[in-house]
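Note that the structure is predicted; figures quoted are calculated from it, not measured. Along the sequence shown, residues carry numbers from 1.
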Amino acid sequence: MDPLPPSPVNWDSLDALVLDFVRSDRLIAPPASPSPPSSPSSSTTTATSSSPSTSTSSSYCSRILIRRARRALEAGDVDAALALLRAHAPAALLDHRLLFHLHKQRFVELVRRGTEADREAALDCLRTALAPCALDAYPEAYEEFKHILLVLIYDQDDQSSPVVNEWSIKRRFELAGLLSSILRAHLQAYDPILSMSLRYLISIHKVFCSRQGVSSPISDLTERLLFEDRDPPAVTQECSVEAPPFDEVDVQALAHAVELTRQGAIDSLKFAKGDLYQAFQNELCRMKMDLSLLDKLVHEYCIYRGIVQGCSHALPGTADMQCSQNIDVSFINNQGANNEAQLDCESAGKQDGGCCTSDITHHDSWSKRLRRVRSSTSGQGRRKRWRGRADDLNYAFETPVDANRDTLSPAFDMDEDVVIGEHDSVLDTGLSDTRNMQDQKYEVILEMRDLTRKGMASKVVDEINSIDPDFFSQNPILLFQLKQVEFLKLVAGGDHVAALKVASAHLGPLAASNQALLKPLKETLVTLIQLNEDVLTKAVSLPVLASSLQVYLMFICCKSIRSLTYQCNWSAFSISVVYLWY
């Protein structure tokens, strides 16, 4: 019996990836108070269990270091970048090729400043740093050293000079990218799996659309999320003209996976010392991604899924995503769920620019329900608090990660969450009533989802009817599935009389108006003769039903607040991930 086809979205797996991302980059607030010290008898266990956490914390600190060094170089502050490397990654400066590039750029920046003191500092850099480094950096380094001396006599505004490229600001960004590639591999500071997976999925999706000559329905998001250019590849110090000892299968696999030439794949494998997986990671992390946009999408998703507290925010540009791009809830259903119950954007926004004509009624219904949510304090205090991205290296090294909390836990493991007091909130205290109303509506939707996961179908139906009496008339299949759960619970409890009343009052009329429901109705009635207490869990996937209900309720929320901003934000992330995957 399969009344509810499987959903293509494994929400728990996606939640786990998102949790790993926000924990790895510390986008959620740390515990309000340190954990109590462990007893001596548990020291061995603690040391063993903290190993993954220590690795995660180290990777985070390294990524912060890389970002700060990168920004320093992009701003032309080579001295600051060198200071960071000497303090936190001195081994990276043993790479003479990299060191030569850094000193060469430092020399250019000193000359660019134009003061007499800076020109003296530039000449000192030539004598004490650049010239000695040019002798053993790489074969062409000494010729490059002599060429860079022309910077002293050609003005930076002279577009016909032989050193116009050396004067170019673009060189800063190229060097910053090269440094990032080298440090990332040297420090094993790879991005979380979510961001690397998105890079890969978006890149192969673009290639597929290009080769097939079709337009991407999610191009509005993918074009802004993943940039076209990449960081320069890291190059090994040693130079060899011998044939590489790499399996041609590995070379071709890497070349096709990340769109490299054969020589580019060989060089990448050479830098990774033949480790195909590391070379693949190196190439993925070279792809430039808009982290600020990704953070906003992830934040919106976390609020939608009940992982973090509100409040939410509208993403610039996502509210302009049109329904014609087919990024809507019907996409989920088209992949194998209930095709008969599809929602499309047109039906969500037929009147008044996407608003229901009964907005005031909706608002009153939500308000009544929200008052009950406030009195019951549904889950909000137990969720994590969003901190946002902080590229403060001092914070990265001074804020320890709790070994018992930083490891990836199953989705919705709220028992381990820390209750954050209102005095810790970093959110704007001047939030409008509308913003608070929107956040609280999320709470109602999350409560309905959680009640459905627990099998409390009758209560869910009553609550939704009190919010929107027209909801189930527009979504009869959802009502059938919820009443099916109610029926099966009664059967499992031995109350066959009450179960038949539910079937007669609800399941029968719904099946009569929709022939597609007749078969699941028959299969549901068969459970009357099955003496099995597990009949509910075997017949219905409550988590899938709960997630489907959450999706549909989101549209009611959107209509009542006269905006599709929320739908666009969370669907832009989760639906696009699903689209890329399939």
Side-chain angles (χ1 to χ4, degrees), residues 25-26 57-134 137 141 144-145 148 151-152 156 163 165-191 229 231-232 234-235 285-286 288-292 388-399:
D25 278 359
R26 299 191 187 178
S57 178
S58 175
S59 178
Y60 169 75
C61 295
S62 298
R63 291 197 301 275
I64 294 295
L65 169 65
I66 293 171
R67 279 200 289 270
R68 287 197 59 186
R70 179 178 195 129
R71 289 175 182 175
L73 286 179
E74 290 174 348
D77 194 349
V78 183
D79 287 325
L82 285 169
L84 284 170
L85 294 179
R86 292 189 184 105
H88 303 291
L93 296 177
L94 298 178
D95 184 340
H96 292 173
R97 179 187 293 268
L98 173 63
L99 188 60
F100 175 72
H101 287 305
L102 288 170
H103 284 311
K104 187 167 65 170
Q105 188 64 34
R106 178 171 178 262
F107 168 73
V108 173
E109 298 300 338
L110 287 170
V111 178
R112 192 194 305 273
R113 293 174 188 172
T115 67
E116 196 65 31
D118 286 321
R119 183 170 288 270
E120 287 296 327
L123 293 174
D124 183 67
C125 175
L126 280 176
R127 290 190 295 266
T128 62
L130 192 55
C133 201
E144 293 181 16
F145 166 74
I148 202 67
V151 168
L152 292 169
Q156 58 181 311
V163 286
N165 291 330
E166 282 70 14
W167 276 119
S168 174
I169 297 297
K170 183 180 178 181
R171 282 297 177 94
R172 292 178 177 178
F173 291 86
E174 292 175 349
L175 179 57
L178 176 64
L179 176 65
S180 298
S181 297
I182 293 174
L183 285 180
R184 190 181 300 116
H186 176 73
L187 300 173
Q188 295 291 295
Y190 296 108
D191 293 332
D229 58 326
D231 287 336
V235 182
C285 290
R286 281 180 54 212
K288 296 181 181 179
M289 178 171 278
D290 188 338
L291 276 182
S292 62
R389 191 173 296 277
D391 289 352
D392 185 354
L393 196 58
N394 293 327
Y395 174 86
F397 281 98
E398 292 174 3
T399 305

*Hey, could you give me the CZ/CD distance between Arg67 and Glu74, rounded to the nearest 0.5 Å?*
12.5 Å
*Of the non-hydrogen atoms in Ala80 and Ala72, which two are nearest, and what is the gap between them?*
CB-CB, 4.1 Å
*Of all heavy-atom pairs between Phe100 and Phe145, which one has the smallest distance, and what is that distance?*
CZ-N, 4.1 Å
*Identify, with sequence neighbours excluded, every residue that meets salt bridge (charged side-chain N to carboxylate O under 4.0 Å, His left out) alongside Arg184.*
Asp231
_Residues forming a ring-ring contact (aromatic ring centres under 6.0 Å, His included) with His101, sequence neighbours excluded_ = Tyr138
_Nearest-0.5 Å distance, CG of residue Leu85 to CG of residue Asp95_ = 11.0 Å
_So, taking the atom named CG in Leu178 and the one named CZ in Arg286, what distance separates them when rounded to the nearest 0.5 Å?_
10.0 Å
*Could you tell me which residues satisfy side chain to side chain donor-acceptor pair (under 3.5 Å) with Gln188, sequence neighbours excluded, listed by chain and number?*
none
*asked:* Could you tell me if the side chain of Arg97 sits less than 4.5 Å from the side chain of Ile182, heavy atoms only?
replied: no
Taking distance alone, no hydrogens or angles, what donor-acceptor pairs closer than 3.5 Å link side-chain atoms of residues 107-114 to residues at least two apart or in another chain?
from: Glu109; atom 1: OE1; to: Arg112; atom 2: NE; distance (Å): 3.1
from: Glu109; atom 1: OE1; to: Arg172; atom 2: NH2; distance (Å): 2.9
from: Glu109; atom 1: OE2; to: Gln105; atom 2: NE2; distance (Å): 2.7
from: Glu109; atom 1: OE2; to: Arg112; atom 2: NH2; distance (Å): 3.4
from: Glu109; atom 1: OE2; to: Arg172; atom 2: NE; distance (Å): 2.9
from: Arg112; atom 1: NH1; to: Trp167; atom 2: O; distance (Å): 3.0
from: Arg112; atom 1: NH2; to: Trp167; atom 2: O; distance (Å): 3.3

*For the student: nearest non-hydrogen atoms of Leu187 and Ala89, plus distance*: CD2-CB, 4.3 Å
*With sequence neighbours excluded, what pairs up with Ser180 under the side chain to side chain donor-acceptor pair (under 3.5 Å) test?*
Arg70
*Atom OG in Ser62, atom CD1 in Ile66: separation rounded to 0.5 Å?*
6.5 Å
*Indicate yes or no: at least one non-hydrogen side-chain atom of Ile148 is less than 4.5 angstrom from one of Val163.*
no
*Please tell me if the side chains of His88 and Arg68 come closer than 4.5 Å, counting only heavy atoms from C-beta onward.*
no
*Atom of Ser181, atom of Pro232 and distance for their closest heavy-atom approach*: OG-O, 2.9 Å
Return a table of donor-acceptor pairs under 3.5 angstrom between the side chains of residues 116-133 and protein atoms on other chains or two or more places apart.
from: Asp118; atom 1: OD2; to: Thr115; atom 2: OG1; distance (Å): 2.7
from: Thr128; atom 1: OG1; to: Asp124; atom 2: O; distance (Å): 2.7

*Does Asn165 have any side-chain contact (heavy atoms from CB on, under 4.5 Å) partners at least two apart in sequence or in another chain, and if so, which?*
Arg171
*Which residues share a side-chain contact (heavy atoms from CB on, under 4.5 Å) with Ala185, sequence neighbours left out*: Tyr190, Phe271, Gln278, Asn282
_Rounded to the nearest 0.5 Å, what separates atom NZ in Lys104 from atom CG in Leu99?_
12.5 Å
_Residue pairs passing the salt bridge (charged side-chain N to carboxylate O under 4.0 Å, His left out) test where at least one lies in residues 75-87, sequence neighbours excluded_ = Asp79-Arg106
